[in-house]
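In what follows, a single structure is set out as structure tokens and then discussed.
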Number of protein chains: 2
Amino acid sequence: MSTLGFALLSLLTRGPATGYQLTRRMQNPIGHFWTANHSQIYPELARLSELGHVTATEGAGPGPRAKKTYSLTARGREALADWLPKPAAFQPRNEVALKAYAAACAADRSRMAELYEQVAADAAAALAAFGEEESTMVEHGWDDISHPKFGNYAVLQLGIGSQRNLHAWATWLASQLRQ
Amino acid sequence: MSTLGFALLSLLTRGPATGYQLTRRMQNPIGHFWTANHSQIYPELARLSELGHVTATEGAGPGPRAKKTYSLTARGREALADWLPKPAAFQPRNEVALKAYAAACAADRSRMAELYEQVAADAAAALAAFGEEESTMVEHGWDDISHPKFGNYAVLQLGIGSQRNLHAWATWLASQLRQ
DNA sequence: ATTTTCATGTAATCTGTTACATGATTAC
DNA sequence: GTAATCATGTAACAGATTACATGAAAAT
């Protein structure tokens, strides 16, 4: 079982969905911390189905193929419960940080400053969007641990913190590069 | 050219090195944001060499094969300078965040709390180590933008911010899960 | 009329991890 | 003597991206 498999099981705790819907559902809010394309999701759902972690109910689709709605099975829930408390692997891939390593010895420092000013601007935009999402979530009571969508709120909180940190750092780095 | 190729060019701005040394050099500080094994690094160095971005000087090695010391060429420096200011791709892979999405609906919340308490403890340990590294860097003047190792300092700063954010978030999440 | 959304799949390619394979020197 | 460090490679596998392929319904 790959991490993607568990990601899909996690998404299915929010209710049954088609592969297409899971592709959308993954974008917000966990898309800030995990992504997958439909080309990766469809074969993985087939594997989960073979393992008995999900079941599919077929119906008429809009295109040439049948539409399959997947649901979590008891076995799937068990597999997820087993995986969740295990220590998580950390696989860092952050190009923005990587570029900072060589930024100061770059030929054109002012262009590097522009890059980090853009990073800061993007972070500010993300924070504005997150702030609105947060308000909506609080209104709906998702900030309560007993609400089934508390996880969405928790992930958003990490996103807010990460973007705030990124904003401060990129602003600092850009100002250093402007000197 | 893959991101790894540019990562290796970035590492070589600190001076010539063997594949083995690059494997070590990558661990600190950029290992917090980008990693690669030697099995990935050796073939990539061969590719960079074919492209003329690096040159290798061979010498007697400790094992059965010759030891190759790689240096950045003018073309390599150009390729790096070209890549650096371009907007960076963001490929998120964060299992800790992913697990939070399903944490609240997990069967055993107190085990999930333990997971995030451990995350917080690890972050605290990382922060302690980073603090010492930061002091050493400041003593050596790496916090000055004109120092060739300013990039190491900049990456460490992002690391400190990230761990601080992770610590605060994991502590909060654990306390929520304990309720 | 054209684009977007819904909906599912496969193929080719690229990237990354784990395991296999060798062997000298240095530290404990 | 045993383990760690230095040093370089390949092979097999797993994971992820991009491109190819089809087609209805709804929105612009």
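Here is how names work: the chains are called A, B, and so on, in the same order as the sequence lines, proteins then strands, and each is numbered from 1.
- If B:Gln91 and B:Arg24 are placed on DNA chain D by their nearest nucleotide, the residue sitting closer to the 5' end is B:Arg24.
- At whole-Å resolution of the value, NE2 in B:His38 and P in D:dA11 are 14 Å apart.
- The separation between A:Leu4 atom CG and D:dA16 atom C1' is 9 Å, rounded to whole Å.
- Atoms CD1 (A:Ile41) and P (D:dG15) sit 15 Å apart, rounded to a whole Å.
- Residue-level contact check: A:Gly61 touches neither bases nor backbone, having no heavy atom under 4.0 Å from any strand.
- The distance from atom CG of B:Asn94 to atom C1' of D:dA16 is 17 Å, rounded to the nearest whole Å.
- Between B:Arg75 and B:Glu78 there is no salt bridge, since none of the side-chain N atoms of the basic residue sits less than 4.0 Å from a carboxylate O of the acidic one.
- Ring pair A:Phe6/A:Trp83 is parallel by interplanar angle, where below 30° counts as parallel and above 60° as perpendicular.
- To the nearest angstrom, C1' of D:dT17 lies 14 Å from CZ of A:Arg93.
- Nucleic acid contact for B:Ala36: none, since no nucleic acid atom lies under 4.0 Å from a heavy atom of the residue.
- Here the P atom of nucleotide D:dT5 and the CD atom of B:Gln27 are 11 Å apart, to the nearest Å.
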Inset, instruction - Evaluate side-chain contact (heavy atoms from CB on, under 4.5 Å) for B:Tyr116 paired with B:Leu177, printing each intermediate quantity in order. - result: CA-CA 9 Å; B:Tyr116 289 104; B:Leu177 289 162; 3.8 Å; yes
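- Minimum interatomic distance between B:Leu8 and B:Met26 (heavy atoms only, all atoms of both residues): CD2-CE, 4.2 Å.
- A cation-pi arrangement, defined by a distance under 6.0 Å to the six-membered ring centre and an angle within 45 degrees of its axis, is absent between B:Arg93 and A:Phe90.
- Mapping A:Pro43 and A:Gly63 onto DNA chain C by nearest heavy atom places A:Gly63 at the nucleotide closer to the 5' end.
- Per the geometry, OH belonging to A:Tyr42 stands 17 Å off P belonging to D:dT22, to the nearest Å.
- The CH2-C1' distance, from A:Trp34 to D:dT17, rounds to 15 Å in whole Å.
- Projected onto DNA chain D by closest heavy-atom contact, A:Met1 and B:Ser39 fall at different nucleotides, the more 5' of which corresponds to B:Ser39.
- The backbone N or O of B:Thr18 sits less than 3.5 Å from a side-chain atom of B:Gln21, completing a donor-acceptor pair.
- For the pair B:Arg25 and B:Tyr20, the NZ or CZ position fails the cation-pi test of under 6.0 Å to the six-membered ring centre and within 45 degrees of the ring normal.
- For B:Lys67, taking side-chain heavy atoms from C-beta onward, the closest of the listed nucleotides D:dA16, D:dA7, D:dA19 is D:dA7.
- Note on A:Gln40: every side-chain N or O is 4.0 Å or more away from OP1 and OP2 of D:dG15.
- Taking the 5' to 3' direction, DNA chain C first and last meets chain A under 4.0 angstrom from a heavy atom at C:dT5 to C:dT17.
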